[in-house]
2 protein chains.
Amino acid sequence: MSVTVITTLLGMGRWEPDARGRMIGAAMELFAERGFEQTTAGDIAERAGVSERTFFRHFADKREVLFDGSEAMERTAYDAILAAPADHSPLDAALAGMVAAGGLLEDRRDHAVRRSRIIAANPSLQERELLKLAAMVDTTAKALREREVTELNASLAAHSAVTVFYVAFAGWVSDEESPGFAACIAETAAALRALK
Amino acid sequence: MSVTVITTLLGMGRWEPDARGRMIGAAMELFAERGFEQTTAGDIAERAGVSERTFFRHFADKREVLFDGSEAMERTAYDAILAAPADHSPLDAALAGMVAAGGLLEDRRDHAVRRSRIIAANPSLQERELLKLAAMVDTTAKALREREVTELNASLAAHSAVTVFYVAFAGWVSDEESPGFAACIAETAAALRALK
DNA sequence: GCACTGGATGTCAGTCACTGTCATCACTAC
DNA sequence: GTAGTGATGACAGTGACTGACATCCAGTGC
């Protein structure tokens, strides 16, 4: 998914185009260069050529600039779960959603890797990532409920699927020659099911 | 101006014991009364009879005042996992740790319920809770690894066990006549295993 | 009794994340 | 060309946190 496309369609950044994308790029550069806490919101705005106030109009807080695509991933997972074959078990349907969401990452592996490194280096960014994963759990559970899955089973399958997503992502990122995100998810899901 | 005079009139010396406990109590009262965001760190400190600076000496940030027991729960879980019978599966050992940790909550059910309501009402507190749960996952996985469990299986079993803990806690809190935390965990774990 | 010391506290100044408000700018529709 | 719309800039203000330093209380040695 291209931030440029979205912002252009929304008509944002009318002066220099893609102010939002410039802020995201500037933030990732600065966070990587000198760390998250050593970077002020003013620093990011300056490098992106906007005012600090404009930064906070685009992003609810300083951390949010790193999580721009999370909504799109949720929607993708949601749609894929509803589109999964009716005979899929709740867990399989949820995993299909994770594979679909992972596809968005696969398109920009380099970006995903750099981003995950930045997050790994700062606890307050990890905190925000956990919140996004929790939102993914909620969305996944909601999709499962629309497939007539029990409240409890929807919650458990959603948690399990997002756990698989999370663990598989770590493997996919760490292994340079990894076979692809879908394969990582399949492996991880198999290991989860093998748990006694 | 003499602090001594003021505090003496209030019936408590500067070194009045359990400043930490007073701050925790004051925070829970105020958060419940007017909400987390409407309560300043200065408000909490004032009600507890200390300075704002002292509050931040005891708690890394304003949220942390609600998570004082989390370290003890981690330790309890860790010890219980290592103490579990050798023939327990990784998941069963991890679940034994969750039951042990839940015991700390059972001792003060009322406090746990009020606390969970406060957290449920504020996203930034939920974020912090997720971080604590993630720490619990890490500790659980570490304990499992010391039981010679594979890296991957330790991670997956730890995630699964903490998921069970989290889901079971929600049930335990919502049901006034619930059968006890251990039973809630057993039920939830059975449902998780029944997932296809 | 008394000086001394360590740890906890108070005070004050300062940075930075974020917010509300209002004027201004670029583009669009008419 | 004029009015409307939405993004932006400028500026002031609040509150979360931090660093530096003075102060206080309790315990220790004498």
Side-chain angles (χ1 to χ4, degrees), chain A residues 3-24 26-27 30-31 34-68 118 122-125 127-128 131, chain B residues 1-24 26-27 30-31 33-68 122-125 127-128 131:
Chain A
V3 173
T4 310
V5 170
I6 294 176
T7 53
T8 302
L9 288 177
L10 291 177
M12 308 165 103
R14 216 160 291 201
W15 280 252
E16 293 301 319
D18 197 24
R20 192 182 184 82
R22 285 196 328 266
M23 289 187 270
I24 294 173
L30 288 165
F31 292 167
R34 54 174 104 147
F36 175 77
E37 294 186 343
Q38 283 65 46
T39 303
T40 72
D43 293 337
I44 302 170
E46 186 181 4
R47 182 169 294 198
V50 298
S51 71
E52 182 181 328
R53 190 68 183 87
T54 289
F55 177 84
F56 285 111
R57 282 200 184 93
H58 281 265
F59 305 103
D61 58 55
K62 202 176 109 183
R63 309 173 196 174
E64 204 65 18
V65 69
L66 278 185
F67 297 89
D68 198 53
I118 293 171
N122 191 288
S124 97
L125 289 173
E127 214 173 346
R128 178 56 49 83
L131 193 67
Chain B
M1 120 206 76
S2 162
V3 174
T4 310
V5 170
I6 297 176
T7 54
T8 302
L9 289 177
L10 290 177
M12 49 186 201
R14 185 182 186 179
W15 259 232
E16 196 64 22
D18 199 24
R20 191 182 186 82
R22 290 200 319 273
M23 288 187 270
I24 294 173
L30 289 166
F31 292 166
E33 286 171 15
R34 54 175 103 144
F36 175 77
E37 294 187 345
Q38 284 64 46
T39 303
T40 72
D43 293 336
I44 302 170
E46 187 181 6
R47 184 169 293 198
V50 298
S51 71
E52 182 183 329
R53 192 67 183 84
T54 289
F55 177 85
F56 284 113
R57 283 200 184 93
H58 280 264
F59 306 102
D61 58 55
K62 202 176 108 183
R63 306 172 197 173
E64 203 66 18
V65 68
L66 279 185
F67 298 88
D68 198 52
N122 190 288
S124 96
L125 289 172
E127 215 174 344
R128 178 56 49 84
L131 194 65

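In what follows, every heavy atom counts, from backbone to side chain, and hydrogens, waters and symmetry copies are set aside. Every chain is numbered from 1, with letters handed out A, B, ... down the list of sequences.
The two atoms that bring A:Val50 and A:Ala19 nearest to each other are CG1-CB, 4.3 Å, heavy atoms only.
Using a 4.0 Å heavy-atom cutoff across all strands shown, A:Ser124 reaches no nucleic acid atom at all.
One interatomic measurement links the two molecules: CZ of B:Phe56 to P of D:dA20, which rounds to 18 Å at whole-angstrom precision. Atom pair A:Glu52:CD and C:dC18:C1' shows a separation of 8 Å (rounding to whole Å applied). Taking atom CD of A:Glu37 as the reference point, atom C1' of D:dC17 lies 11 Å away to the nearest angstrom. Separating the CG atom of B:Asp43 from the P atom of D:dT14 is a distance of 14 Å, rounded to the nearest angstrom. The interatomic distance linking A:Met23 (CE) with D:dT8 (C1') rounds to 10 Å, in whole Å. Atom-to-atom, CZ of A:Arg22 to C1' of D:dA7 comes out at 12 Å; the value is rounded to the nearest Å. Across the protein-nucleic acid pair, A:Arg128 atom CZ and C:dA17 atom P stand 14 Å apart, rounded to whole Å. Per the geometry, CD1 belonging to A:Ile44 stands 13 Å off P belonging to C:dC16, to the nearest Å.
Nearest nucleotide to the A:Thr54 side chain, out of C:dA17, C:dT9, D:dT8: D:dT8. Of the candidates C:dC18, C:dA17, D:dC17, the closest approach to any side-chain atom of B:Asp61 belongs to D:dC17. Distance from the side chain of A:Thr40 is smallest for C:dC16 among the nucleotides D:dC17, D:dG9, C:dC16.
Between C:dT9 and B:His58, a contact under 4.0 Å exists linking OP1 or OP2 to a side-chain N or O.
Within the structure, the salt bridge (Lys or Arg N to Asp or Glu O under 4.0 Å) test picks out the following pairs touching residues 34-48 of chain B (sequence neighbours left out): B:Glu29-B:Arg47, B:Glu33-B:Arg47, B:Arg34-B:Asp43.
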Protein and nucleotides 10-12 of chain D: nitrogen or oxygen contacts under 3.5 angstrom:
none

